[in-house]
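Residues: numbered from 1 along the sequence shown. Because the structure is predicted, anything quoted here is derived from the model rather than measured.
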Amino acid sequence: MPIKLFPNLRLLNPPLSATRFPSMNLKPSVNSSRAIPAFRRIFPFKLKYLGLPTRVNSQQQQQLGLRKLSTRPFRPAASSEFGRRGSRAGEIRGSKSLIDDEAELSDWVSDLRTDSFHSNKRFSKDDDVSDFRKGSGRENRGSYSMKRRRKSDSDDSYDSSRRGNRNSVNSFSRNNISNNTPRFSRRSNSELEAGNVGRKTRFSNDDENDVGEERRRGMSGIRDLLSEEVSDNDDDDDDDDSVLRNNARSSIGLDKEIGGMSVAISSPGKHDSFMSESRFDQCSISPLSLKGIKDAGYEKMTIVQEATLPVILKGKDVLAKAKTGTGKTVAFLLPSIEVVIKSPPVDRDQKRPPILVLVICPTRELATQAATEASTLLKYHPSIGVQVVIGGTRLALEQKRMQANPCQILVATPGRLRDHVENTAGFATRLMGVKVLVLDEADHLLDMGFRKDIEKIIAAVPKQRQTLLFSATVPEEVRQICHIALKRDHEFINTVEEGSEETHEQVRQMHLVAPLDLHFPLLYVLLREHVADNPEYKVLVFCTTAMVTRMVADLLGELKLNVREIHSRKPQSYRTRVSDEFRKSKGLILVTSDVSARGVDYPDVTLVIQVGLPSDREQYIHRLGRTGRKGKEGQGILLLAPWEEFFLSTIKDLPILKAPVPSVDPDTKKKVERALSHVEMKNKEAAYQAWLGYYNSNKKVGRDKYKLVELANEYSRSMGLDNPPAIPKLVLGKMGLRNIPGLRSK
Ligand SMILES: Nc1ncnc2c1ncn2[C@@H]1O[C@H](COP(=O)(O)OP(=O)(O)OP(=O)(O)O)[C@@H](O)[C@H]1O
């Protein structure tokens, strides 16, 4: 563990030892009645969240229903009470009705996504199960499970076909730079695919008030769109640019030309902050854009903006890597807007006005977020329109809207974009105007789950264009295939310092390895103590699949924690509402699948807990990146079972420390058991099936089917079930788990 790179980390978060905490039992225990607060064991020093009080006065405590805060070196873990449920608890429970049995089964079956499910019929990657249930015209294109198989936002999507295809990465011609590039850690379990990602929606009233009339219309358009769910080239060589470019070159060492491609290598220790000293007006950006930037509250450029803007403004293709939460969206939007400004104005009567900038994001939330950011930046450019097309909404409505308000900037999810290319009259012609193509979360979009769609989209836009690829993670596989989108002479701008981790220094990371039967009690104890210690807590709990997410949210709700849930099985309007609420809230726990893993810009997240195996190293980094944004502090805990410990080798270069397993007192354990008994049986059954499907698709865990079934049954017991739930024979067959002892079929 490269602790030496983090002198401050030692100071802030010294490794715990038995000497330091004499009463600490390093082994899991459920017997201690005088437990050291579990969270305090893991993070012995309290976090100072920028802008947030570390303590509240007694009046505030009373208002918040919290007992007096203290440093609490010793405190019975079961003693705290939580008065936060209130009326909101009802909302948690109410969400259950949005799921039906058919959806659960489909979720399970769709997890398998074997080739035998293939259909000649085309389905949008963005289709939501809810589309199917509402019975819009599009639903008749195929079977339920087929449809689900291709949805982009499917959390429970660890399919064998994708895993198989993953190996075909090598079939792309290799880029001659691959041996000379800065260090990239490889995924060890590359067979896994992150099914889903998510991103912020930024629709506060404040946002709306901020924008001009035209923008306001644009914003409400985006907002309206989200409620319309089905079921629910310029060569300017500006002096300033040159100076800036040189600044960026010298500050991050943009000085290597390898294989026709520039590689930015950072000089260690220079840029710990995400902000640079450069101002936006040092770039050749139009005065009206600068006004919009100012109104957005951005004064100086972030490091990634400083490094990429001058290069992009010169018309170069760029592959950019920058840590999470450091302003990549503005980095690609701003120069794209400049391209639109410099293009000939669109004739209002033009039948098929060209789309000049096309931004592709892997999820609906991300697309919406990027479109909203574009609207903000376009405040003083009323003639430039931005629109978003995403799954989960009616295609026909999008078609109408695009016709009524032709835009020059289009933000889209891949599947829905393909739908428009194939089904919207004149859309393909409009795409022939594209001058800038942006792939946000590029590594994910170029991954096997999206590759076919992306290749089709690339074929639909002109060859003569500028292409921008952005992500916080750029694994080696992506470096090898990025030429399918980028010109040979593109620049790779890596703002992650050489020798530094891809995660933020100010985010303290711990991993905790405990038997499965302790996971729920431990999760509860960790949350309870974090909540008690942080009046303005804001926690994300990542779970492996949508159905597991739902079950965990149910459990935490039963335990009277203030929770919300978000995952792909929820209708888009619900996802938007919950995402928006969490963005604005303090004192809330969001239990989530990977729909929230990437890009979602929730401010001031105090803690990220990942329960169970993340799909890969990148997903771990992106999930963790929901905290510690914009230079703020944060904490991350990865909770694994002993047989999941192998994952740690894939993140061993990250500053993640081993935490001792805290004690769970018998009362707390009983309380959790009682709460589990109140969780609906069908939700536990669905979680069991989804859990089995997720780990079955993991080569390391799922290879030994006998062992896998043992582990699944251990998981079933951890939910308080005496017998593992029966699984449909068809489903077992699809999973290759027929006749495995220990499984019950029906
Ligand atoms: N120049 C700037 N000054 C201050 N804040 C900024 C600036 N540019 C962007 N931001 C803010 O920084 C936050 C993070 O930006 P953004 O979501 O684009 O990060 P990101 O790098 O794309 O993160 P992720 O990798 O998680 O997608 C946003 O709230 C954004 O408004």
If I compare all heavy atoms of [X] with all of [Y], which pair ends up nearest, and what's the gap?
X	Y	answer
V709	P741	CG1-O, 3.4 Å
P362	E441	CG-CB, 3.7 Å
M551	A687	CB-CB, 3.7 Å
H622	A472	CE1-CB, 3.7 Å
I566	R575	CD1-O, 3.5 Å
V664	P521	CG1-CB, 3.7 Å

Validation row: [X], [Y] side chains within 4.5 angstrom (heavy atoms):
X	Y	value
Y524	K671	yes
Q509	L638	no
V541	Q610	no
P475	E618	yes
P725	S716	yes
E645	L648	yes
T606	H530	yes
T544	Y695	yes

> Does the side chain to side chain donor-acceptor pair (under 3.5 Å) test come out yes or no for T473 and D443, once each step is laid out?
Replying inline: CA-CA 7 Å; T473 50; D443 57 328; 2.6 Å; yes
Do [X] side-chain atoms and [Y] backbone N/O form a donor-acceptor pair below 3.5 Å?
X	Y	answer
E644	A641	yes
D447	G449	no
S585	L588	no
R617	T650	yes
H519	L640	yes
Y694	L613	yes
K586	Y537	no
R626	V600	yes
R364	G391	yes
D517	R717	no

> Are I656 and M510 close enough, and set up right, to give a side chain to side chain contact (heavy atoms under 4.5 Å, CB included), and what steps lead you there?
Replying inline: CA-CA 5 Å; I656 180 164; M510 304 298 287; 5.5 Å; no
>> Apply side chain to side chain contact (heavy atoms under 4.5 Å, CB included) to residues K705 and R738 and explain how you reach the verdict.
In response: CA-CA 10 Å; K705 306 291 178 202; R738 254 195 203 141; over 6 Å; no
From [X] atom [atom1] to [Y] atom [atom2], the distance as rounded to the nearest 0.5 Å:
X	Y	atom1	atom2	result
W691	M719	CH2	CE	9.5 Å
L737	L708	CG	CG	6.0 Å
E680	D554	CD	CG	7.0 Å
L732	I727	CG	CD1	5.0 Å
L607	L526	CG	CG	8.0 Å
M547	S568	CE	OG	7.0 Å

>> If the condition is side chain to side chain contact (heavy atoms under 4.5 Å, CB included), which residues does E710 pass it with, not counting sequence neighbours?
In response: K707
>> For a side chain to side chain contact (heavy atoms under 4.5 Å, CB included) check, start with the C-alpha distance between V605 and V539, then their side-chain angles and the critical distance, and finish with the verdict.
In response: CA-CA 6 Å; V605 170; V539 182; over 6 Å; no
> Given the rule in the salt bridge (charged side-chain N to carboxylate O under 4.0 Å, His left out) test, do D604 and R583 qualify, once you have shown the distances and angles that lead to the verdict?
Replying inline: CA-CA 9 Å; D604 303 318; R583 187 177 59 78; over 6 Å; no
>> Check D580 with R577, please: is the shortest side-chain N to carboxylate O separation under 4.0 Å?
In response: no
>> Quick test of your reading of the model: are R623 and D594 salt-bridged, counting only N-O distances below 4.0 Å?
In response: yes
>> According to ring pair (Phe, Tyr, Trp, His ring centres under 6.0 Å), who are the partners of F582, at least two apart in sequence or on a separate chain?
In response: Y602
> Going through the distances and angles, do Q572 and T576 end up as a side chain to side chain donor-acceptor pair (under 3.5 Å)?
Replying inline: CA-CA 6 Å; Q572 186 55 45; T576 306; 3.2 Å; yes
>> Please evaluate residues L523 and I609 with respect to the criterion side chain to side chain contact (heavy atoms under 4.5 Å, CB included), reporting the C-alpha separation (whole Å), side-chain torsions for both, the decisive distance (0.1 Å), and the verdict.
In response: CA-CA 8 Å; L523 177 63; I609 302 184; 4.0 Å; yes
